[in-house]
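Beneath this line is the structure, given in structure tokens, with notes to follow.
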There are 2 protein chains.
Amino acid sequence: MQAVRIAGAGSTAFGVSPERTGRDLFGEAARIAIDDSGVPRADVDRLCYGNFVGTVTERQGHQGPLMATAAGVTAPATRYESACASGGVALKSAVEAVRSGAADVVLVGGMERMHNVTTERATEGLAMAADDLYESRAGVTFPGAYALMARAYFAEFGGTRAELAAVAVKNHRNALGNETAQFQREITPTDVLEAPTVADPLGLYDACPITDGASACVLVSEEYAAEHDLHAPVEITGAGQGTDSLALQQRESLTRTPATTRAATTAYDEADIAPGDVDLLEVHDCFTIAEVLALEGLGLYDPGAAIDAAAAGETTADGDLPVNLSGGLKAKGHPVGATGVSQVVELTKLLRGDHVNSDAVPDATVALAHNAGGTVASATVHVLEVCA
Amino acid sequence: MQAVRIAGAGSTAFGVSPERTGRDLFGEAARIAIDDSGVPRADVDRLCYGNFVGTVTERQGHQGPLMATAAGVTAPATRYESACASGGVALKSAVEAVRSGAADVVLVGGMERMHNVTTERATEGLAMAADDLYESRAGVTFPGAYALMARAYFAEFGGTRAELAAVAVKNHRNALGNETAQFQREITPTDVLEAPTVADPLGLYDACPITDGASACVLVSEEYAAEHDLHAPVEITGAGQGTDSLALQQRESLTRTPATTRAATTAYDEADIAPGDVDLLEVHDCFTIAEVLALEGLGLYDPGAAIDAAAAGETTADGDLPVNLSGGLKAKGHPVGATGVSQVVELTKLLRGDHVNSDAVPDATVALAHNAGGTVASATVHVLEVCA
């Protein structure tokens, strides 16, 4: 089995870019990643690409070939879709391709463009991540679904809106100097608590924004990296994927995310690490409660114990376990199909020492990326380690 | 590398089933394939699933988890989308997973449901396989695009509508006894030539229908098959994928399909066979001209030489190289995301001897499946061989 190295990584600016097409966005991210890698385009063996609602926002399916052209590669190209985990599943497939020797060089990335349509239409698209028959038609929106999970959490374990607010405050602070982040400004607990309610108990600042953007990484085999003398100090040592029932109503619990746990178990096993070995992580904080559930699902906190992690300073930049140093989905932004790859872009830079927040984790060697789809019906976990 | 065996295969009836949901259709196909295999559901390591326009026709993205539940499996599930080649790319990924040892048992399948929406809406969905900016918005429909290819072919090589009609007549005849086929009735050359024109030179009978249906296969490693004493006499010995520019206008030629050729080259190399070794094949005949282009792209005929293959009886059931013994997309039907897997379902039965048309190919040992997306911007080729 070939070890998988990250040779290049890059993202477009995340934000509001209705004037830019999807192909334009992905082409830029791919160029940044390929330039960062030093790998010639002709060496790219395949493109693994994540996108969620391109058929809704751009009337564009079949984006694999389109994005290969945008990236300037002629390799076989496939689109992966698993709602907000589309980037993560594309990444897992890319890792497997390099590991198995099926490919030496894989361009992996994702893109989402949503500000070119109305918010209503974008919301309608996002709702397609839920079960149409049993959830969407019954009026369940994603803020509504996560509000249900938050309420169930509060009922089962206790917890306050102020503790959730600390998650949003932390992630906004982390994004301050991140030049590709959508929101590079601080917010206060009062901002969060006094913001309009979206779905009780979640307010506007408990939710991530709608984002246009793209991310890409170039993965290479260790052998290829050595032969071509590439600077690729970060290795992907674990890659797991988990699936749960699509509809919340089919789950045993609203406060557990077994898909995350399954993905993490695989990733930890492959990397031969324990949860306690992780130095920093990016988790899927589409809502503040989602970060809490992720930390518990990943085995980093017991069920019911992660609610005050941000408020207590444990997961802040200067805490023991920095979470979402990029700003997370909340402040970095959430271009859906790109998110799973963007987390790895951020972690690669953090581990290489060329991220604005690298100083917060000078001795970090093990990082984890957690990407989730829908109400965590899909999850991927990747472990990144600095090579000795 | 593990050899990949087909342990089970099955499809729903293909046709017009607006009353059946996608999950209902796929659940049935999965059940047939799993029952055919004798593999316990708990042994399924992953689900690779193809679907094209579920967001358009069922407002349902994120179908991986949904279809895992429908199939009764809890394994990680991923949706692959490459327009009409969605099933083929799911299959290729499934083959790679078994080969590399990442999985011992993979359930692979696909589904499309389109008759629950208006024909206009279905057509709009299908158009998303083309380049929205450069084709769809300019008024190019899929019949229009393939009509352009047919006209270019006639201009470059010669050819007649009657020769194309022979493709449709052949495929309808092949579907006569195929109990899952959408059209189990013969048509005459006159029917084809006198049918309403859809896009000159293509008429109604030059086009495949809109189809509801699902297909699934259970792939296992040779080791797993031996350990569990499974009846799995068919091996997938080659799996290739090719990508071309999405828009026709970016291609060097309208009469060549290099994505098919690239996919075939990989598949032939892996299987260590030459085109002449193929005994029978299923090709992507979304339009009659598409079958002609496929046979040439696969290297079975020189450019310009396949136009009269059906008319001359070379590719009929009693010809030297039977093509689309199932009835093809034309008569078996084309449930888009399922098609690439349905071809392998049909070929598996043909090679095992339990297909209504097996008698036409009693000595066949090598079969090929060709699946294409859009105007062949995506293509997959799989080689199936009977194990000695």
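Side chains are part of it too, since the values below use all heavy atoms of this structure and drop only hydrogens, waters and symmetry mates. Below, chains carry the letters A, B, ... as their sequence lines are ordered, and counting in each starts from 1.
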**Q.** Side-chain donor or acceptor of A:S17 paired with backbone N/O of A:R20 under 3.5 Å
**A.** no
**Q.** Interface moiety of B:A377 toward chain A, non-hydrogen atoms closer than 4.5 Å
**A.** both
Q. Do the charged groups of B:R121 and B:E124 touch, with an N to O distance under 4.0 Å?
A. yes
Q) Side-chain donor-acceptor pair under 3.5 Å between A:E270 and A:T237, yes or no? A) no
Q | Interchain contact, B:Y134 with chain A, by part (heavy-atom threshold 4.5 Å) | A | side chain
**Q.** B:R59/A:D132 salt bridge by N-O under 4.0 Å criterion
**A.** yes
Q. Side chain, backbone, both or neither: which part of B:E58 has an atom under 4.5 Å from a heavy atom of chain A?
A. backbone
Q. Quick one: does B:T69's side chain have a donor or acceptor within less than 3.5 Å of a partner on A:S245's backbone?
A. no
Q: With a 4.5 angstrom heavy-atom cut-off, could you sort out which part of A:R46 is near chain B: side chain, backbone, both or neither?
A: side chain
Q.
For B:A90, which atoms come within 4.5 Å of any heavy atom of chain A: side chain, backbone, both, or neither?
A. neither
Q: Side chain from CB out, backbone as N, CA, C, O: work out which of these in B:T74 comes under 4.5 Å of a heavy atom of chain A, or both, or neither.
A: backbone
(Q) Looking only at heavy atoms and a cut-off of under 4.5 Å, which of B:S136, B:G240, B:A129 has the most pairs with chain A? (A) B:A129
Q. For B:A75, is it the side chain, the backbone, both or neither that has a heavy atom under 4.5 Å from a heavy atom of chain A?
A. backbone
Q: Under the side-chain hydrogen bond (donor to acceptor under 3.5 Å, both in side chains) rule, what do B:Q2 and B:E222 come out as? Steps first, then yes or no, please.
A: CA-CA 6 Å; B:Q2 279 288 324; B:E222 187 171 37; over 6 Å; no
Q. Ring centres of A:Y80 and B:Y80 under 6.0 Å apart?
A. yes
Q: Using non-hydrogen atoms and a 4.5 Å limit, figure out which bit of B:D244 sits close to chain A: side chain, backbone, both or neither.
A: backbone
(Q) Could you check whether B:T375 and B:R251, counting side-chain N and O atoms only, form a donor-acceptor pair closer than 3.5 Å? (A) yes
Q | Contact origin within B:T21 toward chain A - heavy atom pairs under 4.5 Å | A | side chain
Q.
Any salt bridge linking A:E252 with A:R256? Criterion: basic side-chain nitrogen under 4.0 Å from a carboxylate oxygen.
A. no
Q | For chain B, the option from A:P65, A:G54, A:S82, A:A97 that forms the most heavy-atom pairs under 4.5 Å | A | A:P65
**Q.** Engaged part of B:R23 at the chain A interface, taking heavy atoms whose separation is under 4.5 Å
**A.** side chain
Q) Do you know which of A:S378, A:A130, A:G125, A:G64 has the most heavy-atom pairs under 4.5 Å to chain B? A) A:S378
Q) Between A:Q250, A:M1, A:R137, A:E96, which residue shows the highest count of heavy-atom pairs closer than 4.5 Å to chain B? A) A:E96
Q: For chain B, find which of A:V53, A:T380, A:L66 contributes the most heavy-atom pairs closer than 4.5 angstrom.
A: A:L66
(Q) Is B:L133 close to chain A through its backbone or its side chain, or both, or neither, when contacts mean heavy atoms under 4.5 Å? (A) both
Q. So which of A:T243, A:N51, A:V56, A:T55 has the biggest tally of heavy-atom pairs under 4.5 Å with chain B?
A. A:T243
(Q) At a heavy-atom distance under 4.5 Å, which candidate from A:M128, A:Q241, A:R262 has the highest pair count against chain B? (A) A:M128
**Q.** Side chain proximity check, B:V336 to B:H334, heavy atoms < 4.5 angstrom
**A.** yes
Q.
Please tell me whether A:N371 and A:H284 have a donor and an acceptor in their side chains that are separated by less than 3.5 angstrom.
A. yes
